[in-house]
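Values reported hereafter were calculated over all heavy atoms of this structure, with side chains retained and with hydrogens, waters and symmetry mates removed.
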Amino acid sequence: MTCLLLVLGMALLCGMRATDVTQTMGSLDLTKVAGTWHSMAMAASDISLLDSASSPLRMYIQELRPTPEDNLEIITSQQENHLCVRRSITARRTEDPAVFAVAYEGERKISVLDTDYTDYMFFCMDATEPTAEQGTVCQYLARTLKVDNKVMEKFHRTFQTLPVHMRIILDLTQGREQCRV
């Protein structure tokens with residue numbers, strides 16, 4: 001009986017550690033997400049993931065490009081040694097059309113939570129294996145730099161439904177300078 005309780009307790013503990021973002025769109029049309037995007041807000045489960053301008057997960061999305069293999073090339077800019085560095089990350093398509101796998105600071109999963117293709121997109125990235133940068137980071141992307149308070153409110157409501165506690169750490173709609181190349 002003691003063994004059974006111990007196993008049950010461990011199963012519950014391990015289950016609580018699994019904070020994968022499972023809420024995603026039913027389908028995603030890569031041709032419609034192609035083009036220029038701007039990071040408008042970022043949220044994280046752990047403030048240390050975004051607290052510094054050079055934090056590895058503090059990236060600014062600039063463009064999304066579908067590849068011939070049905071993957072997604074993500075063009076980002078990030079602070080590195082006080083310089084703005086442009087990067088290209090390949091997100092590999094999975095069985096779920098709105099979920100991608102990336103090799104970035106460990107193996108990670110990118111889940112597109114919502115998009116209307118013309119104005120906004122919400123996505124989250126989380127670690128699928130133990131790394132130094134565990135946790136979940138979500139972003140609100142927009143096609144233009146024009147602030148849309150209704151979409152910002154929707155972003156806030158969306159990540160409140162996730163299985164991990166999130167909070168907005170960077171609200172870029174307030175005119176804060178982004179890393180741009």
Side-chain angles (χ1 to χ4, degrees), residues 15-46 49-50 56-78 87-131 133-145 148 150-173:
M16 288 179 9
R17 298 249 332 142
T19 58
D20 286 341
V21 175
T22 55
Q23 172 192 359
T24 58
M25 295 183 57
S27 64
L28 183 69
D29 185 338
L30 288 184
T31 61
K32 289 183 180 179
V33 299
T36 301
W37 288 95
H38 304 277
S39 296
M40 300 300 281
M42 296 180 195
S45 59
D46 179 353
L49 298 173
L50 299 174
L57 297 181
R58 186 168 168 173
M59 62 180 71
Y60 302 94
I61 308 300
Q62 293 186 327
E63 187 177 353
L64 300 177
R65 299 176 185 160
T67 69
E69 301 82 24
D70 273 345
N71 293 323
L72 191 61
E73 182 181 13
I74 304 169
I75 309 302
T76 69
S77 59
Q78 292 176 275
R87 295 201 192 295
S88 173
I89 300 168
T90 300
R92 301 175 314 278
R93 195 87 183 234
T94 65
E95 289 180 14
D96 184 334
V99 176
F100 298 85
V102 294
Y104 182 78
E105 297 289 320
E107 192 63 27
R108 297 190 178 274
K109 179 178 77 171
I110 294 175
S111 304
V112 178
L113 303 179
D114 191 15
T115 185
D116 70 352
Y117 298 106
T118 58
D119 295 314
Y120 73 90
M121 177 188 295
F122 305 150
F123 77 91
C124 292
M125 180 169 60
D126 56 342
T128 58
E129 61 186 40
T131 66
E133 300 292 338
Q134 290 186 39
T136 301
V137 174
C138 298
Q139 281 200 36
Y140 154 30
L141 304 178
R143 291 287 190 175
T144 69
L145 290 172
D148 187 331
K150 287 182 182 179
V151 176
M152 185 66 150
E153 289 170 15
K154 185 176 183 175
F155 176 62
H156 191 264
R157 284 191 312 272
T158 298
F159 71 72
Q160 284 181 334
T161 65
L162 298 176
V164 61
H165 176 72
M166 302 287 292
R167 61 179 215 198
I168 292 181
I169 294 172
L170 296 172
D171 180 350
L172 304 170
T173 64

**Request:** Please name the pair of heavy atoms, one in Ser27 and one in Pro97, separated by the smallest distance, quoted to 0.1 Å.
**Result:** CA-CG, 3.9 Å
**Asked** Considering only heavy atoms from C-beta outward, does the side chain of Leu64 approach that of Met121 to under 4.5 Å?
**Response** yes
**Message:** Using modelled atom types and a 3.5 Å cut-off, is there a donor and acceptor pairing between side-chain atoms of Ser39 and backbone atoms of Ile61?
**Reply:** yes
**Message:** Quick one, Arg92 and Thr94 - any side-chain contact, counting heavy atoms below 4.5 Å?
**Reply:** no
**Message:** So does Thr136 get a backbone contact from the side chain of Ser45, meaning a donor-acceptor N/O pair under 3.5 Å?
**Reply:** yes
**Prompt:** Any side-chain heavy-atom pair from Tyr104 and Thr76 closer than 4.5 angstrom?
**Reply:** no
**Prompt:** Are side-chain heavy atoms of Val151 and Asp116 found at a separation under 4.5 Å?
**Reply:** no
**Item:** Student check: side-chain heavy atoms of Phe100 and Leu28 closer than 4.5 Å
**Value:** yes
**Prompt:** Of Val112, Thr158, Leu162, which meets side-chain contact (heavy atoms from CB on, under 4.5 Å) against Cys124?
**Reply:** Leu162
**Fill in**
One should read off an interatomic distance between Glu63 CD and His38 NE2, to the nearest 0.5 angstrom, of 10.5 Å
**Asked** Heavy atoms, side chains only, cut-off 4.5 Å: are Met59 and Ile89 in contact?
**Response** yes
**Message:** Test your reading of the model: is there a side-chain donor-acceptor pair from Asn71 to the backbone of Arg93, 3.5 Å cut-off?
**Reply:** yes
**Asked** Roughly how far apart are Thr36 OG1 and Gln62 CD, rounded to 0.5 Å?
**Response** 9.0 Å
**Verdict with supporting geometry, Trp37 and Thr115, side-chain contact (heavy atoms from CB on, under 4.5 Å)** = CA-CA 12 Å; Trp37 288 95; Thr115 185; 4.2 Å; yes
**Item:** Shortest non-hydrogen contact between Glu73 and Ser88, atoms and distance
**Value:** OE2-OG, 2.7 Å
**Request:** Determine whether Met42 and Arg58 make a side-chain contact, defined as any pair of heavy atoms from C-beta on separated by less than 4.5 Å.
**Result:** yes
**Asked** Nearest heavy-atom pair of Ala41 and Phe155: which atoms, and what distance?
**Response** CB-CE2, 3.9 Å
**Donor-acceptor contact present, side-chain Tyr117 to main-chain Asp29, <3.5 Å** = yes
**Message:** I need the minimum non-hydrogen distance between Met40 and Leu145, along with the two atoms involved.
**Reply:** CE-O, 3.8 Å
**Asked** Any idea which heavy atoms bring Val102 and Met125 closest together, and the distance?
**Response** CG2-SD, 4.2 Å
**Message:** Parallel, tilted or perpendicular: which one describes the rings of Tyr140 and Phe122, with boundaries at 30° and 60°?
**Reply:** perpendicular
**Request:** Carefully, step by step, assess Asp119 and Arg143 under the rule side-chain contact (heavy atoms from CB on, under 4.5 Å).
**Result:** CA-CA 5 Å; Asp119 295 314; Arg143 291 287 190 175; 5.6 Å; no
**Asked** So do Tyr120 and Lys154 actually touch side chain to side chain, heavy atoms under 4.5 Å?
**Response** yes
**Asked** Does the side-chain contact (heavy atoms from CB on, under 4.5 Å) test come out yes or no for Ile110 and Leu72, once each step is laid out?
**Response** CA-CA 11 Å; Ile110 294 175; Leu72 191 61; over 6 Å; no
**Asked** Are any side-chain N or O atoms of Ser111 and backbone N or O atoms of Leu113, one a donor and one an acceptor, separated by less than 3.5 Å?
**Response** no
